[in-house]
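If you're wondering where the values come from, they're calculated on a predicted model, not measured in any experiment. First the proteins, then the strands, lettered A, B, ... as listed; each starts at 1.
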Amino acid sequence: MLEKVYNAKDHEDDIYQLWEESGAFSPKLNSKITKGSDSKKKVFSISMPPPNATGTLHLGHSVMLALEDIMIRFHRMKGDSTLYLPGTDHAAIATQNKVEQILEENNKKRTDLGREKFLEKVRKFVADSQNTIRNQIRKMGTSCDWSREKYTLDDSLNKAVNEFFKRLLNDDIIYRGDRLVNWDPKMQTTVADDEVDFDESKGILYYIQYGPFIVATSRPETKLGDTAVAVNPDDKRWKKYLGKKVEVEFAKGHKITVPVIADQMVDMKFGSGAIGVTPAHSLTDFELAEKHNLEKPQVIDFQGKMTKVAGPYAGLDIFACRKKLVKDLEKAGRLVKTEEYDQSVAVNYRGGGIIEPQIMKQWFVNVNKKAIDWKGKKRSLKEVMLETVRSKDIKIIPGRFEKTYFHWIENLRDWCISRQIWWGHQIPIWYKVSKEDFAKWQKAKEKSSHLFQILNITPLETKFSETPPKYLKHPNNPTDPTFFWIRDPDTLDTWFSSSMWTFSTLGWPEKTEDFKNFHPTDVMETGYDILFFWVARMILASTYCLRSSGLPEDKCLPFKNVYLHGLIRDRNGKKMSKSNPETCIDPLEMIEKYGTDALRLSLFIGATPGNDMSLYEEKIAGYRNFVNKLWNVARFALMNIDMKKLTDQDRNSIPKSQTLADKWILSKLHKLIKNTGNRIEKFAFSEAAEELYRFTWMDLADWYLEIAKIEKNKDHLLYYILRKLLKLWHPFTPFVTEVLWKELDQPELLIESPWPRSEKSLIRPTKEKEFSLIREIISGIRNLRAKAKIEPAKRIKAILSAGSKEKLISENQEIIKTLARLENLEIHKKLISKPAKSLSKFLDKLEIYLPLEGLKDLKQEKERLNKELSELQCYQASLDKKLANKQFISNAPKEVVEKEKAKYTEATKKIKKIKSQLKNL
RNA sequence: GGGCGCUUAGCUCAGUUGGUUAGAGCGUCUGGUUUACACCCAGAAGGUCGUAGGUUCGACUCCUACAGCGCCCACCA
């Protein structure tokens, strides 16, 4: 006997263990797959987007796990060879940042430890959070294949990363160059363009006398090292200076002499129409400098201090310099005016340091070089990224994100992949350096890792190698080599390795069975916020790497579909963040309180792809209630089924339906089977679950089970319905369904049981219609009773004028009598006149009367009828207007016109009846 | 500056290619110890679908403009 209430906590861990031990999570590779093409390909695979190994999972992860697991369980039950591959990401900057924060709490810095010791600490931290994460993934009921779990720093993945790097290098796509990068002086690293956030803030615009010009700037300190002043070529005011040099005096005798250049980029209307060009610390200025061949001196160093170029201001911190300079300029009468204005400050989105653009030697991936053979043409990485989505080889759901994707790719610049942090894949490049440079490096390497800019080391040779190249030793003196090899101390952008996730996890570059079987993956399910960070780069890496391995195009895609879910917000529509514990929901706490199944439902019902959704505890509690309902539906069925009476044949056959209700519920059930599968395949998860929810609660529990109590002897039917129902729910609520399944004496686990098939012959619309009528009669009587305030328990008499439906109603009168609490039901075939002192209700083809002995006050009934009458008359009038419109009659499709006409006749009939009732009252 | 999304019942949201009197959950109100479930049952109230135009026989649905909210991208001398 099942407990009265489903307590998720008592079952979930056991069930998960049962699944895990059964081996159900690993794909069953049957011969069909390896043979391949002839029959429908029955493989389904998803790579789990690897959570960052930096702590705990949040609701965003829960949504992802829930949605992916729905698809996975569905396909597994359909008999597909299904792989769900889990893993974690080393999350370079994020993790390093976290560990540095921990160190900071103990007043330590990473440089105090040195590279190796620091990395040891990070590794330990990561191992801990990986364990936490694995646990949480299990708690969500995720049916992923743990035997194939991967981590971005695994040896095999590391190998893949190096291979990717090597190929890019050989194809001349990777290059090392002096480019303007986003430098974070706080974390001492560069960050990618899309890792930069802009903070809105109030700033001051300074207007400075700049030779003959007035230049407006928010950063006067950078002007100290300008190499040109630019004006618009059409600006008549400054024409006479074009091509000449001007002397600009700041203060304290600091002077510069700069050429006047002309460029369309300059806006004549802004400020005085002249800008000072600072190539080393501004992207637009850098581009100007490239175009006009200007020098690019560094004005601000990597620590955020002024360089020698700043003359008397050298050595000052940026902000101190600004303050001092402005004061000096003011004294010298060169500060024309100041203005407040809104500016956005670039900050590192991890860690929050203020970005200072700097020119540095960095590794880049050239996205414009024609490098991939794709569909008969040599194309650049950028072009292939566009082409795969344009051609719909990769579909993005919802489609509107394709537009933003294209826009982003079209404006993509070369990808800076080197990072000056320690945690990550170290760049597999070695530099041959002199003995002197090597000594410099030895001394400084634990403090600063910037070989070229800070240590000023000049490599004599650059070489790709995964392992240390042999020393180029003097043959006679091995202990005193003339040259040394230093490995590039930088690490790779974290997205470099995660871009390979779909195939590096399957063993690439080795030719593995897994890769052959499961790539490309079917769906990439992730949040829209990392469409650019990750999804786009996966397309880049996959097409490039796999195409260069000689695979055909369709094998080279990382996935066929991208499903983007929205972000979870709190009830006020605000982003949930840990800093606001008031509204921040911890998935584990919710699981503890309401069960995983309830949490899962709350995360996707009512959500549409790409749209954010809000979540709050009551919602989860609501789905807990539903899960309990499902439990009790089963409980009721199990109490009524005599398992011993069920033969093996019964168990595996479709029950013969006897009554109208039986036929109705089977029809509904089979329609449901059909729709559920279709909807999951179409990624309409919310719709699928909503329909299941309505069927379970409103059709099955509220009606069919009540009827089963009346009609009795439904062992076989209840057994059959319950079995199908548990299967249908299983992808959505895996735990409760598996617990209940055990009660059905099944030879296999539900997780591995086959998905039900929809039987067309059982879908019978006429039976559904007939049953609806019975339902309407019962609701109608209940409604009248409630309005007349008849005691709920009191059994009363009802009279039906049933016309052609007489037989149907007679056959189902027991149901009507019990559910509407009647002691007596008279059914008339002929129209009868309204019995005295009775309430009445009109359905389409029949009339209901409740004769009431004690009915004295007819006022209420009169009011009710009058209200109904006026509503109907309004309705009739609108139909009348429609039908009187000749254009409607001639233009609208015939069926629509017919329908409207029928509605009109119905309404007219009802009005007539109500009118006569009102007269009789 | 460019783009995208949202605006439907008190709240959170559905509403498939235009065609029944616009739906659900929660909440509210009225009643209820009907032996599966009070995490329940029965019944009810509640919406001129953001505003203004347009297309159409017909608009919640398509088009245009506007407003409010939110997001993304770019720029910011």
Can you tell me the base-pairing partner of [N]? Count Watson-Crick or G-U wobble geometry only, both distances below 3.5 Å, and say none if there is no partner.
N      : value
G1(B)  : C73(B)
U16(B) : none
C62(B) : G54(B)
A42(B) : U30(B)
A67(B) : U7(B)

T217(A) vs W703(A), nearer the 5' end of RNA chain B by closest nucleotide:
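It is W703(A) whose nearest nucleotide is closer to the 5' end.
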So which one's nearest nucleotide on RNA chain B is more toward 5', N783(A) or G610(A)?
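Its nearest nucleotide being more 5', the pick is G610(A).
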Counting only heavy atoms not in K903(A) (residues, nucleotides, ligands), do more than 12 fall under 6.0 Å from its NZ?
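Yes, because the 6.0 Å sphere around NZ of K903(A) holds more than 12 heavy atoms from other groups.
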Does a side-chain N or O of [X] approach OP1 or OP2 of [N] to a distance below 4.0 Å, or not?
X       : N      : value
K619(A) : U12(B) : no
W631(A) : C40(B) : no
S614(A) : C13(B) : yes
K903(A) : U21(B) : yes
T608(A) : A14(B) : yes
N625(A) : C40(B) : yes
N891(A) : C57(B) : yes
S779(A) : G43(B) : yes

Can you name the salt bridge (Lys or Arg N to Asp or Glu O under 4.0 Å) partners of E690(A), sequence neighbours left out?
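Scan of E690(A) (salt bridge (Lys or Arg N to Asp or Glu O under 4.0 Å), adjacent residues dropped) gives none.
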[atom1]-based separation of [M] from [N] [nearest Å]:
N      : M      : atom1 : answer
G19(B) : A59(B) : C1'   : 10 Å
C76(B) : G68(B) : P     : 27 Å
U51(B) : A14(B) : C1'   : 24 Å
U34(B) : C41(B) : C1'   : 8 Å

Check [Y] with [X], please: is the shortest side-chain N to carboxylate O separation under 4.0 Å?
X       : Y       : value
R600(A) : D597(A) : no
K296(A) : E290(A) : yes
R219(A) : E356(A) : yes

Assert yes or no for the condition that the ring centre distance of H11(A) to Y6(A) is strictly below 6.0 Å.
yes
For a quick check of understanding: with a heavy-atom distance under 4.0 Å over all strands, which category does T284(A) fall into, base, sugar-phosphate or nothing?
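Sugar-phosphate contact only - T284(A) comes under 4.0 Å of backbone atoms but never of a base.
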With a 3.5 Å cut-off and heavy atoms only, can you find an N or O donor on one side and an acceptor on the other between the side chain of [X] and the base of [N]?
X       : N      : value
E706(A) : A36(B) : yes
R624(A) : C39(B) : yes
K629(A) : C37(B) : yes
K709(A) : A36(B) : yes

